[in-house]
Amino acid sequence: MKRCIVIGKTNVGKTLFVLQFAAYLGADRLEITFEEPGGEKRTETLSVDQAIRQLSSQEPHQTRCLQSIRLELPVGKGVKRFDVVDTSGLIEGIHGDVKVRKAMAQTLAAVRDADLILHLVDAAKAGERGVLQAVGDVDYQVAQFAQMRDAYAILANKVDLPNADVGVEKIRQEFSGHVIIPISALHRRGFKEVKRFVWRWI
Ligand SMILES: Nc1nc2c(ncn2[C@@H]2O[C@H](COP(=O)(O)OP(=O)(O)OP(=O)(O)O)[C@@H](O)[C@H]2O)c(=O)[nH]1
Ligand SMILES: [Mg+2]
């Protein structure tokens with residue numbers, strides 16, 4: 001099964017994006033597989049609203065393991081199936097909590113095996129505080145790693161917030177040469193472009 005991984009720093013909106021994108025592609029009840037850094041797996045079925053309430057939060061490091069949802073994209077008379085994988089947030093340096101460190105190692109291993117990488121950054125923060133406050137070394141490292149592969153896009157999220165337009169422009173300058181799609185995970189904006197991009201590589 002092809003895997004589309006969603007990565008980025010903590011709190012950029014990865015979880016909200018994954019759940020809203022699943023809903024946008026027509027999923028109604030979401031069967032979510034949680035895979036702990038130690039390898040244990042469990043599955044929970046939630047409505048989109050329940051999942052958003054339980055899994056996305058304004059507190060950083062909400063997601064601490066891989067969370068996959070199987071999705072379908074229509075192709076001609078059939079469908080393409082793939083897994084979209086939400087991950088725990090990337091951090092700069094070495095985190096004090098061993099659980100966060102293990103989750104980060106799990107994320108990086110999953111990136112290596114992914115067929116498609118969607119890298120979220122916070123465009124509103126980039127507009128408000130400057131791109132270097134919003135985007136860290138870890139983002140540059142991901143972009144550099146992904147340069148070798150075509151199936152990689154940067155999603156500039158939170159464009160519903162003030163100053164995000166300025167942030168998107170800064171992100172475009174900083175990451176020129178990469179595919180950049182402005183989105184709002186909250187309002188499902190830019191999702192048509194994301195769907196088209198995913199469809200090309202899945
Ligand atoms: N206004 C606005 N808020 C957003 C958007 N996307 C996410 N948020 C908010 O940003 C916060 C973080 O969202 P999450 O989806 O939990 O972020 P995450 O990247 O999964 O964070 P971790 O799991 O902690 O790494 C929540 O309060 C969301 O409601 C967006 O497009 N617009
Ligand atoms: Mg999350």
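In each ligand, atom 1 is the first atom listed, and ligand 1 is the first ligand listed. Bear in mind that the values here come from a model prediction, so they are computed numbers and not experimental data. In what follows, residues are counted from 1 in the order of the sequence shown.
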- Message: Regarding T87, does it place an N, O or S atom less than 2.8 Å from the Mg ion (ligand 2)?
- Response: no
- Item | S56 backbone or side-chain N/O/S under 2.8 Å from the Mg ion (ligand 2) | no
Could you tell me the separation between the [atom1] atom of [X] and the [atom2] atom of [Y], rounded to the nearest 0.5 Å?
X: K9; Y: D137; atom1: NZ; atom2: CG; value: 8.5 Å
X: K102; Y: H95; atom1: NZ; atom2: NE2; value: 15.0 Å
X: I5; Y: D113; atom1: CD1; atom2: CG; value: 8.5 Å
X: I7; Y: T87; atom1: CD1; atom2: OG1; value: 6.5 Å

Proximal atoms of ligand 1 relative to [X] (non-hydrogen, under 4.0 Å):
X: S56; value: 15 (O), 16 (O)
X: P60; value: 24 (O)
X: G89; value: 25 (O)
X: T10; value: 22 (P), 24 (O), 25 (O)
X: L161; value: 1 (N)

- Query: Are S88 and T63 linked by a side-chain donor-acceptor pair shorter than 3.5 Å?
  - Reply: no
- Item | Between T15 and D86: side-chain donor-acceptor atoms closer than 3.5 Å | yes
I'd like to check whether [X] has a polar contact with ligand 1, where a contact means an N/O of the residue lying under 3.5 Å from an N/O of the ligand.
X: I183; result: no
X: L16; result: yes
X: S88; result: no
X: V12; result: yes
X: N11; result: yes

For [atom], which protein heavy atom lies nearest, and how many Å away is it?
atom: atom 23 (O) of ligand 1; value: T63 OG1, 2.8 Å
atom: atom 31 (O) of ligand 1; value: A185 N, 2.9 Å
atom: atom 17 (O) of ligand 1; value: G13 N, 3.2 Å
atom: atom 32 (N) of ligand 1; value: D160 OD1, 2.7 Å
atom: atom 19 (O) of ligand 1; value: K14 NZ, 2.7 Å

- Message: With a cutoff of 4.0 Å, is S57 in contact with ligand 1, counting heavy atoms of the residue only?
- Response: yes
- For the ring pair H178 and H119, is the centre-to-centre distance below 6.0 Å? no
- Looking at the rings of F145 and Y152, which for Trp means the six-membered one, are their centres under 6.0 Å apart? no
- Task: Could you tell me whether R188 sits above the aromatic face of Y24, with NZ or CZ closer than 6.0 angstrom to the six-membered ring centre and within 45 degrees of the axis?
- Result: no
Tell me whether [X] shares a hydrophobic cluster with [Y], the cluster being built from Ile, Leu, Val, Met, Phe, Trp, Tyr side chains joined at under 4.5 Å.
X: L16; Y: V198; result: yes
X: V194; Y: F82; result: yes
X: V18; Y: L90; result: no

- Winner among H61, Q20, Q58, K158 once heavy atoms are compared against atom 9 (C) of ligand 1: K158
- Query: Is ligand 1 under 4.0 Å from a heavy atom in the side chain of N157, in the backbone, in both, or in neither?
  - Reply: side chain
